Every structure is written in structure tokens, then in C-alpha cells.
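Only one structure is covered here, and it is reproduced in the block below.
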Amino acid sequence: MTRQLLASVRALLLATVVLGLAYPLLLTGLAQVAVPGRADGSLVSSADGTVVGSSLLGQGFVDSSGDPLPQYFQSRPSAGDWDGAASGGSNLGPSSPELAEAVGSRRAEVASFNGVPESQVPDDAVTTSASGLDPDISPAYAAIQVDRVAAARGVSADEVSALVAQATHGRDLGFIGAPGVDVLDLNLALDRAFG
Amino acid sequence: MTGWLQVAVLVLALGLVHRPLGDWMARVYTSGEHWRVERLTYRLVGVDADAEQRWPTYLRSILAFSLVGVLLLYSLQRLQALLPLDNGMASVEPSSAWNTAVSFVTNTNWQGYAGESTMGHLVQMAGLAVQNFVSAAVGLAVLVALVRGFVRRGTDRLGNAWVDITRSVVRLLLPLAVLATVVLVLGGVVQNLRSGGDVTTLAGGSQFIPGGPVASQEAIKELGTNGGGFYNANSAHPFEGPTAWVSLFQVFLMLVIPFSLPRTFGRMVGDRKQGLAILGVMGLLAGISLALISSFQAGALPEGQEVRFGGPLSSLFAASTTLTSTGAINTQHDSLTPLGGMVTLFNMMLGEVAPGGVGSGLYGMLVLAVVAVFVAGLMVGRTPEYLGKKLGRREMTLASLYILTTPAIVLIGTAVAIAVPAGQAGMLNSGPHGLSEVLYAFTSAGNNNGSAFAGLSANTPFYNTALGLAMVLGRFVPIVLVVALAGKLAAQGKVPVTSGTLPTHRPLFAGLLTAVVLVVVGLTYFPVLALGPLAEGLS
């Protein structure tokens, strides 16, 4: 057994150097040279060039007291308050009374904020995502926000809809996953177009 | 409709790859030649690569390798704050470090901790990802030993564990992981050494943007059916699973080796139809499971689900991650419908054999095949035999202990946890769903899966210790039994095929094996499933 243990120690030290250091570091170098933007997290900047987030990570478009800002499209609710240091979901099961209550009150809020009947509020608008950082909303949720954003910015709904269309992605390759609208990209485009 | 197209493309890709990959793996484990880099490895490690081992030595090599792995990984976490690239994280506290060390060495990758707030880049790369490679290699080594047991005659030698582990890494896992990393990086998975930092968001708030060498770890995490996420949200995190096609590619990665191994098995035993029969059983069970979970999840509220993945891909991922022993997630399993969640539980309860973990899935299925042959033998009153080996009292004792081990761990563990206050304190949901959370945790740990109904607050001394124990026993008791079985089988001669031999490459046997898998599991777990997810789903 001693011989096997000594061999194990040497084998694991070797594995640590090769698989634990050389492998990830060489690939990091390669990624940083080939596609630095993607390897660093697809960061995006506002018009003045400051980084405002990642096109892959959802963020909250709310004021300091947590109320939604009407001039921005709103993300889905987040179980972790869009904190990049605490990703995760609510873990509430469908039979949870807490979840039912949260969904009900969110539906009422979203409906009144956007001036639409509750029946038009899609499910992704009232549920938290798996990561707490979902960058997307469904096209249906974007659609019910268009009039409110247009009114808050004093522009026509058609102009806003055109930007929504640009920020919308279909299913990957036409059949993988689901369509969505990247909210940060969309809001950046709004700021660029209308100041 | 597009949901099933995703499945069709996945099945097509697996179908195309499983032949060349399966044949390649057979060559890896039967070739008499050492590559130069492997010779260098054997010299540095100090082992004689040409000396074949008896089963006790083969087993000791694997156990020693795993034991040292646990100690090394535990030390790395405990010393984290003193080492470079710690990203300012504190050293991990003892019960969590023990749980995590055991978790990664046993190929479970249960995570009681949240990656982005616990593990610095050094521990992720040099600790956790190393075990992602070598724990998968250990699974392959044990499988190869068992297959050699069926192939060889009248010998006490099973091969050399060091050679099997080294070749698994050098010729299989590392090259595939490099390829997969390139694809993942192109797909947007991050790969950097940033420690992360705050940015001012568009609305004037502040958001922490994490960094990390994620793609290189993600690649082996799926390929090695490990499943431990770099971040807490695992493959649902946009930096791990940025787009839907990347998520589908990850499903492919976790299935590709387990579904190719039956081909390897067929090659090695010299009858590809034997491999095809096993593949058929795995495919059938996986297909049924996917159909069930997809129908139970249809129209469910997208709580715990990402918009870009949508319902069907989330169900496909949930099924694949629990059918293999991966345990990565792209949707929160705790928020699945009661019956959808029950399917993921049931997938793990099958013993992770359809297709199961890398190596471990097939050795589990082969033990069940032994049991199936025995059952058939009882029906006709003949001494059962499989692949030319007689299954006598000693062989059947080992196989029976194997199928009893995991259920005992799961059920006793769950019973203890819901009986003691420290266990009850961890449940987030109440009633049957609370029981499901605890049952899921012990099922996941005992079967070395690692996914969770994450509402359970498992990062407590009680759960860290108890689940750590469940993972150790759930991994190594079966390994001891399998290697011992391999030794007994190799020592036998070969029984000639007669008209009374049960053909084990026909649909009849595949059907029998499927039935044995389902009946053994169903009878063992039905009572507790009735109290948990079934009670919740029907109420």
C-alpha cells in the first residue's frame, strides 16, 4: 500500500501541474489572443465608453429605491438581485404558497406599470430565472413594455419597436432554445438613439 | 416541435460519433504500445507500466489514488488564503472542504458552496478541475478492469491501473477537453484570470462581474460527467451557458463518452452485438425518461428557467444530467413540477446506468446484466452464464451487494436526516416537497450525481458530513465489489456456448435487462417516492 500511496502522490502532483495549471493557462492565453472580447465576458460600454455591464448578464433597471425606471425595458425578476457574486434561483417549487403569492403580486405590478390587463403579462415577467442573471426577456414581455417606454421617452412606439426587433434573437440555428430580447443591449440602443 | 428537433439532432450527432469514439477507446485500452509522453509519466510516477496487477493491487492503486486526491484537495482548500490566485477568498472551513474534496474525487460534484464566493481561481483550476479529469479516468479504469474480467481466461491479472488512468487522460479526456474548450470559448463562455470587479450599471446601480478560467473547466465538467459548476448557478449562469446552442453542446458532451462505451465494450469482448444490446437498453430508458419529463414540464411556469433555453431544452438538460451522473444544471431542479422533478430523481435511482457516468454507468449496467442473466437462469433452472463466464455463488454475492449498496445509503441517509433536527432545519419547502429535497440530496450523493433540489440548505456541518459519507460509500463500495468481481471472472475459463445458453445480444435479453433495472429500482424506491413527489404531484 505504501508504494501505491507514494505513486499516487507523485501522480497527483504531476496531474496538478499538467491538468491544473498548463491546460487552463495555455487555453486562457489562446482565448485571450484569439477572442479577447468573448473570453472576458462580452462586456459592453455606454456611448461615452465606460463599461456598463456584460451583454450576457442581466441587470436591474431600477432606481436607488428599487422602483422600475419607466424609460428602460425591465428585466425578469431576479432571485439574487442581479448580483454577479450570488448567482442562483429561488428554488421554490410549483406547489410553494410563497411562489404563488410572489407571482400574483408581480403580475399585478407589471400589469399596472405597463398599463395592460393581467392576462397579457407573460410568465417570464413574473418568475425568477435559474441564474438570477437572465439577460433576456421573451418577445411577449418586450411587446407589452413598448408603449410605456415610448411614452416615458417622448418618442413614437414604432421607433421603439424597431429597436426591439434589432435586439431580438430567434432560436439558435432556427431550432435550438427559445427566442429572446437582450434587455441591456436594447436599453443601450435606446440611450444611443434617443439620448 | 422545435424541441424534438433538438433531440433528433443530438441523437444524430451521438450516432455519428459513437462508432469512431467507441472504437478508439477500445484501442486505447488494448494497445500494447506506450506513447512517449506516457513513458515519461510512468517514470515520474515511479510505476512499472508493463507489470500487470492482480485485482487486489489494481484496487489498491485506485483507492490510494483517490485517498491522496481527497487529502490534496482538502489541503488546497484549507490553505487557499495563503496561496496565489485566491481572489481574496478565505480558506474554506473544514466541513465544507471535506465535503467538496470528497465530492470531486468521487465524480459527484455535489456543491454545498457557491463557487463565485468560495473558490479562488487556483483551487478551481489546480484542485477541482484536476479531479474532474482523474475521477473520470478512475471510472474508466474500473470499467476496463471489469470488461477484461469477462474477456480473459484463467488469469489472475487485470491490467495496470496506472496505465489505464494515464491513457484515459492522455489519449481521451485531455484532447477532447481541449477541443471542447475551443468550441465553448467561441460560444461565449468566459476564459480569463480576472478576479472580477464592480461596474456601474446603465441605471446607475452597481453590479459585480465575475471572471475565471471557466471554459476549460466547463469542458471537462461535462465530458467527465462531473457537473460541478464554476459559479453557483452552474450551466444556467450566462458565463457558463451563454447561448442555447452552447447548452445543447454541453448536453452532447456529457452524453458522448457514456453512450460510446457500449461500442468499446462490444469491441473488447469481440462481439459488437453485445454492446449494441446494452446501448439499446440505455437508449430506451433514456428515451422514456426524456419523454416523461418533457410531458410533465409542458406548460409549467418558467420559474428557475432561463429565457434563452426555453422549456424543451431545459427538460432535455435536466434529463441528461441526471441520466448521466453529471449533475450540472441549466434549470433549477427544485422548481420543476413535482412529477418532472420525480423523473430526475428516478433517473438517478436507476443507479446512473442509462447511460450513467463515464465508466461507472457501463460497469453498473454490466452488473445489472449479470443479475438479469441470473434471473433468467432461475426461470429455466440452469447455471447462469454471461459472455462465457459462469455466474456462481461468489459472483452473484458480489453483484447482489452492488445493487443493494446505493439504495441502502440513500434510504438510510434520508431517514436519518428527516429524523434529526439538524436535518429538518435544512429544508426550504415544507411538506412532501421538503421530503423530496432531502431525498434528492441523498439520492444525488449516493449515486454520485451531484445535482440538487437546491432549496435545501446543505452547507451545514450535518449535511456536509452525512452527504460526504454517502458519496464516499456510494462511489467506493461499488468499486471494490466490481474490481473483486472482475478478478473472480478473469480467473475462470470460458464456458462453451451451447443450445441452452441464453443469447445476450438479442432484443429478448435487452427487454429482460430493462425490466430488471426498472423492477429493482421501482420496488426499492416506490414507497419513498409515494411520500414525496407523488404525494405532492397528486394533491
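Convention: sequence-line order gives letters A, B, ...; per-chain numbering from 1. For the numbers below, each heavy atom of this structure counts, side chains included, while hydrogens, waters and symmetry mates do not. All values derive from a computational prediction rather than experimental measurement.
Between Phe73(A) and Tyr141(A), a ring centre-to-centre spacing not shorter than 6.0 Å is recorded.
Although no hydrogens or angles enter the test, the distance criterion places no donor-acceptor pair under 3.5 Å between the side chain of Thr201(B) and the main chain of Val52(A).
Taking CZ of Phe453(B) as the reference point, atom CG of Leu336(B) lies at 6.0 Å (rounded to 0.5 Å). Taking CG of Leu190(A) as the reference point, atom CZ of Phe61(A) lies at 10.0 Å (rounded to 0.5 Å).
Looking at Pro302(B), both its backbone and its side chain come within 4.5 Å of chain A, counting heavy atoms on both sides. Contacts between His433(B) and chain A at a heavy-atom distance below 4.5 Å involve the side chain alone, from C-beta outward. In this structure, the portion of Gln131(B) lying under 4.5 Å from any heavy atom of chain A is its side chain and not its backbone. Proximity to chain B is limited to the side chain of Leu69(A), based on heavy atoms less than 4.5 angstrom apart. Proximity to chain B (any heavy atom under 4.5 Å) is shown, for Leu92(A), by both the backbone and the side chain. Heavy atoms closer than 4.5 Å to chain B are found in the backbone of Ala86(A), but not in its side chain. For chain A, the nearby parts of Leu202(B) are the backbone and the side chain; heavy atoms of each come within less than 4.5 Å. Interface remark: Leu44(B) contributes backbone and side-chain atoms alike to the contact with chain A (heavy atom separation under 4.5 Å). Looking at Val62(A), only its backbone comes within 4.5 Å of chain B, counting heavy atoms on both sides. Only the side chain of Tyr72(A) comes within less than 4.5 Å of a heavy atom in chain B; its backbone stays farther off. Contact annotation for Arg60(B): both backbone and side-chain heavy atoms come within less than 4.5 Å of a heavy atom of chain A. Looking at Arg3(A), there are no atoms closer than 4.5 Å to chain B (heavy atoms on both sides), in backbone or side chain. Proximity to chain B is limited to the side chain of Asp172(A), based on heavy atoms less than 4.5 angstrom apart. When heavy atoms are compared at a cutoff of 4.5 Å, Ile137(A) approaches chain B solely by way of its backbone atoms N, CA, C and O. Val35(A) touches chain B through its side chain: at least one heavy atom from C-beta onward sits under 4.5 Å away, while N, CA, C and O do not. Heavy atoms closer than 4.5 Å to chain A are found in both the backbone and the side chain of Glu303(B). For chain A, the nearby part of Val134(B) is the side chain; its heavy atoms alone come within less than 4.5 Å. Looking at Val169(B), the atoms closer than 4.5 Å to chain A (heavy atoms on both sides) all sit in the side chain, from C-beta outward. No part of Pro36(A) comes within reach of chain B, as not one of its non-hydrogen atoms sits under 4.5 angstrom from that chain.
No hydrogens or angles considered: nothing links the side chains of Thr181(B) and Gln191(B) as a donor-acceptor pair under 3.5 Å. One side chain, Gln297(B) or Thr337(B), offers a donor N or O that lies under 3.5 Å from an acceptor on the other. Using a 3.5 Å distance cut-off with no hydrogens or angles, the side chains of Trp162(B) and Gln4(A) do pair a donor with an acceptor.
The greatest number of non-hydrogen atom pairs below 4.5 Å with chain A, out of Ala177(B), Ser66(B), Ser314(B), is found for Ala177(B). Ranked by heavy-atom pairs under 4.5 Å with chain B, the first of Gly41(A), Gly53(A), Gly180(A) is Gly41(A). Counting heavy-atom pairs closer than 4.5 Å to chain A, the top residue among Phe309(B), Tyr231(B), Phe65(B) is Phe65(B).
A salt bridge links Arg107(A) with Asp123(A); the closest basic N to acidic carboxylate O contact falls under 4.0 Å. The existence of a salt bridge linking Arg153(A) and Asp191(A) is confirmed by a sub-4.0 Å separation between a basic side-chain nitrogen and an acidic carboxylate oxygen. Note on Arg308(B) versus Asp136(A): no salt bridge recorded, every NZ/NE/NH1/NH2 to OD/OE distance being 4.0 Å or above.
Around atom CD of Gln120(A), more than 12 heavy atoms belonging to other residues, nucleotides or ligands sit under 6.0 Å away.
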